[in-house]
Amino acid sequence: MEMNAYQQAALRTAAPKEKHNELFHLLLGLVGETGEIAEKAKKIVRDKDSDFSQWDLDDLTKELGDALWYVAVIADYFDVPLEDVAQLNIAKLADRQKRAMLGGSGDNR
């Protein structure tokens, strides 16, 4: 599925942008979904000696999809096509790789 097609499909289940506090709701939702992924990873570290091959991939895929939904809807909130988000991210990482700057920290490296 193409990124912009996914974004348009995701918007069919989103609340209107004009809804009171909708952006705040979306941001909290994204944090919550990524927190769920981190929580499940923590349990693998704690209970399965960090053996991530034991991760339930169907469950992980669903959680990643929930996070992607929030990213798509937040991008639309600001009229940013999801395709642009993806392309800019890959270009940024390719530039960092070319300059041997994948490691380290900070946005402007």
ILVMFWY cluster, Leu23 and Leu11 together (side-chain gap under 4.5 Å) =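 Yes, Leu23 and Leu11 fall within the same hydrophobic cluster.
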Inspect the surroundings of CD in Glu2 and state if more than 12 heavy atoms from other residues, nucleotides or ligands are less than 6.0 Å away.
->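 Open: at most 12 neighbouring heavy atoms sit under 6.0 Å from CD of Glu2.
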Distance, nearest 0.5 Å, that separates [atom1] of [X] from [atom2] of [Y]:
{"X": "Gln7", "Y": "Met3", "atom1": "CD", "atom2": "CE", "answer": "8.5 Å"}
{"X": "Leu64", "Y": "Leu57", "atom1": "CG", "atom2": "CG", "answer": "10.0 Å"}
{"X": "Ile37", "Y": "Lys42", "atom1": "CD1", "atom2": "NZ", "answer": "15.0 Å"}
{"X": "Leu26", "Y": "Leu30", "atom1": "CG", "atom2": "CG", "answer": "9.0 Å"}
{"X": "Lys43", "Y": "Arg46", "atom1": "NZ", "atom2": "CZ", "answer": "6.0 Å"}
{"X": "Leu28", "Y": "Asn21", "atom1": "CG", "atom2": "CG", "answer": "9.5 Å"}

Shared-cluster residues of Ile90, by chain and number - hydrophobic side chains joined below 4.5 Å =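 Members alongside Ile90: none; it stands by itself.
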Sequence neighbours excluded - ring-ring contact (aromatic ring centres under 6.0 Å, His included) pairs with any residue from residues 6-47 =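 Checked against ring-ring contact (aromatic ring centres under 6.0 Å, His included) - neighbours excluded - no pair reaches residues 6-47.
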Residues two or more places apart in sequence or in another chain: which of them pass salt bridge (charged side-chain N to carboxylate O under 4.0 Å, His left out) with Glu63?
->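 Partners of Glu63 by the salt bridge (charged side-chain N to carboxylate O under 4.0 Å, His left out) criterion, ordered by chain and then number, come out as Lys40.
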Tell me, please, which residues at least two apart from Lys62 pass salt bridge (charged side-chain N to carboxylate O under 4.0 Å, His left out).
->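 Here no residue qualifies.
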Ignoring hydrogens and angles, tell me if any N or O in the side chain of Asp56 forms a donor-acceptor pair with the backbone of Asp58 under 3.5 Å.
->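 The answer is yes, because a donor-acceptor pair under 3.5 Å joins these two groups.
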Would you sort out whether Val31 and Tyr70 count as a side chain to side chain contact (heavy atoms under 4.5 Å, CB included), showing the intermediate values?
-> CA-CA 9 Å; Val31 171; Tyr70 280 104; over 6 Å; no
Listed partners of Phe52 passing ring pair (Phe, Tyr, Trp, His ring centres under 6.0 Å), at least two apart =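 Only Trp55 meet the ring pair (Phe, Tyr, Trp, His ring centres under 6.0 Å) criterion with Phe52.
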Only pairs under 3.5 Å count here: list side-chain donor-acceptor contacts from residues 72-84, not counting sequence neighbours, and write none if there are none.
residue: Asp79; atom: OD1; partner: Lys17; partner atom: NZ; Å: 2.7
residue: Glu83; atom: OE2; partner: Gln87; partner atom: NE2; Å: 3.0

Locate the shortest heavy-atom distance separating Pro16 from Glu22; write the atom from each residue and the value.
->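 So the two residues come closest at O-CG, 3.6 Å.
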